[in-house]
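Values below: all heavy atoms of this structure, side chains included; hydrogens, waters and symmetry mates excluded. Chain identifiers are assigned alphabetically (A, B, ...) following the order of the sequence lines, protein sequences preceding nucleic acid strands; residue numbering begins at 1 within each chain.
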Protein chains: 2
Amino acid sequence: MTTEATKLKQARDEFVSQWGALGTQWGINRTMAQIHALLMTAPQPMTTDEVMEDLEISRGNAHTNLKELVAWGLIRVVVKKGERREFFEAEKDVWQIFTIVARERKRREIEPALAILHKYAEESREIDSTEGKAFHEQMRQLEEFVGFASKMADRVSSLKYGFAVQLATKLLG
Amino acid sequence: MTTEATKLKQARDEFVSQWGALGTQWGINRTMAQIHALLMTAPQPMTTDEVMEDLEISRGNAHTNLKELVAWGLIRVVVKKGERREFFEAEKDVWQIFTIVARERKRREIEPALAILHKYAEESREIDSTEGKAFHEQMRQLEEFVGFASKMADRVSSLKYGFAVQLATKLLG
DNA sequence: CACTGTTTTCAGTTAATTCTGAAAAATCGA
DNA sequence: TCGATTTTTCAGAATTAACTGAAAACAGTG
């Protein structure tokens, strides 16, 4: 192998490993982040067995996390002619990745929060005491803000990348 | 106790408990989220002992998470005249809470990611092979995007709430 | 300085999450 | 339908994260 090829392989390996460690911070498990990094930097779609071998993980682990990534929409199943096995390839477009992650985070983090805030804002609506009013007001303000943020996330996600950049640059640059 | 007071107490307890469960999704531990919810809805600053009792947790746990919340800036230490104990009170302003959480997430999630992307974009800069160029390009695009997002987060966080709403509404409403 | 109340630390325990590996189920060609 | 290959499931093992409780350190008070 050439020096260049070795260098690339090593850089890629390190990237995959470090991206995996980062995943923990992001609240997604290490393996999932590693597989994502691996496929994002793979020149070709990969099979479950190749992923297992590259990351030295079990079949069950590889399988579960590949399917989870497919569910997120961060990777796709690719079928090749004359091949029974499934191949996986990552979405590589950064804006696409961003909107997918944003959508998923909204679903898992924002929406449940909103539901809780709404529930307790409602339940405390009629309480007359000073403390009751304060509680209600706090719930209401949080609900209003989170609802607003949620809507903004939708709007931004639905923009085309170029337009989002243009907009942001014009306004805040 | 009046019916209203019972109702409020129950609503608040439930809110604290459910907010804690949500915390897990957000990548912060349950206790920390519970304490935050408790203090956000507390009519008065609370002591460590009161927090321990309310949530039925150990002194060590209460202490660690109170200090962590102080480090984030989501709660403050309050000293009362003639009292040796520390009291804690939460920041209740939603925009303040948002900017604090945004800053912390940026520090813990965005910046390390940016550092990694930058490192491997640099390391692969000179690799001439097709695969090397593709790897470099992927790193570069991710770095560019994450860097851009990071800057935007700063800009938005530094706005006054009213101005942020006005801006967002005008552009995307 | 000695006493009391309060905060901080941390070794050991418990709980939660993730991973393995093997078995079961599904898929496909002949 | 059978056999070979591939995917899926899941009970138990391993790992990681969170929590307890008690002891040590610290900070005021007389």
Side-chain angles (χ1 to χ4, degrees), chain A residues 16-39 45-72 75-89 108-109 112, chain B residues 16-39 45-72 75-89 104 108-109:
Chain A
V16 167
S17 151
Q18 294 190 27
W19 201 251
L22 247 191
T24 307
Q25 298 294 72
W26 285 67
I28 65 170
N29 77 51
R30 209 185 51 210
T31 304
M32 189 170 150
Q34 280 182 343
I35 295 179
H36 184 229
L38 186 69
L39 289 175
M46 295 174 73
T47 62
T48 303
D49 283 67
E50 286 168 341
V51 171
M52 285 168 62
E53 198 173 333
D54 262 40
L55 302 179
E56 301 182 45
I57 58 175
S58 71
R59 181 172 305 282
N61 193 12
H63 174 80
T64 305
N65 286 292
L66 281 165
K67 290 291 140 148
E68 184 70 6
L69 282 162
V70 170
W72 277 54
I75 69 176
R76 284 180 283 278
V77 176
V78 178
V79 276
K80 290 199 177 182
K81 285 187 214 167
E83 275 281 8
R84 247 171 91 178
R85 294 172 301 172
E86 293 185 325
F87 287 73
F88 299 91
E89 77 176 357
R108 306 199 313 167
E109 301 180 1
Chain B
V16 167
S17 151
Q18 294 189 26
W19 200 252
L22 247 190
T24 308
Q25 297 295 72
W26 287 68
I28 66 170
N29 77 52
R30 210 186 46 212
T31 304
M32 189 169 150
Q34 279 182 344
I35 296 179
H36 183 231
L38 186 69
L39 289 175
M46 296 174 73
T47 61
T48 302
D49 283 68
E50 286 168 341
V51 170
M52 285 168 61
E53 197 175 332
D54 262 38
L55 303 179
E56 301 182 45
I57 58 176
S58 72
R59 181 172 305 284
N61 193 12
H63 175 80
T64 305
N65 285 291
L66 281 165
K67 290 292 140 148
E68 185 70 6
L69 282 163
V70 170
W72 277 54
I75 68 176
R76 287 179 281 279
V77 175
V78 178
V79 276
K80 291 200 178 183
K81 285 188 215 166
E83 275 281 7
R84 258 172 80 178
R85 293 172 301 172
E86 293 186 326
F87 287 73
F88 299 91
E89 74 176 0
E104 194 64 23
R108 305 200 312 167
E109 301 181 1

| A:T64 side-chain N/O to C:dC19 phosphate OP1/OP2 under 4.0 Å | no
| message | Between A:R59 and A:D49, does any side-chain N to carboxylate O distance fall below 4.0 Å? | response | yes
| said: Please compare A:F87 and B:M32 by the position of their nearest nucleotide in DNA chain D and report the one closer to 5'. | reply: A:F87
| query | OP1 or OP2 of C:dT17 sitting under 4.0 Å from any side-chain N/O of A:N29? | reply | no
| said: If you define the side chain from C-beta out and look only at heavy atoms, does anything of A:L39 sit under 4.5 Å from A:L66? | reply: yes
| said: Tell me whether the side-chain N/O atoms of B:R85 come closer than 4.0 Å to OP1 or OP2 in C:dT6. | reply: yes
| task | Write down the distance between CG (A:L66) and P (D:dT7), rounded to a whole number of angstrom. | result | 10 Å
| Short side-chain N/O contact to C:dT7 OP1/OP2 from B:H63, under 4.0 Å | no
| note | Exactly one candidate in B:V51, B:V70, B:V78, B:L69 meets side chain to side chain contact (heavy atoms under 4.5 Å, CB included) with B:F88; the answer is B:V70
| message | With a 4.0 Å cut-off on N to O distance, would you call A:E86 and A:K67 a salt bridge? | response | yes
| field | Base of D:dA27 paired with side chain of B:R84 (donor-acceptor, under 3.5 Å) | value | yes
| field | Residue met sooner reading DNA chain D from 5', once B:G27 and A:N61 are mapped to nucleotides | value | A:N61
| request: Would you kindly give the CZ-to-C1' distance between B:R30 and D:dA17, to the nearest whole Å? | output: 12 Å
| request: Find the distance B:L55:CG to D:dC19:P and express it as a whole number of Å. | output: 11 Å
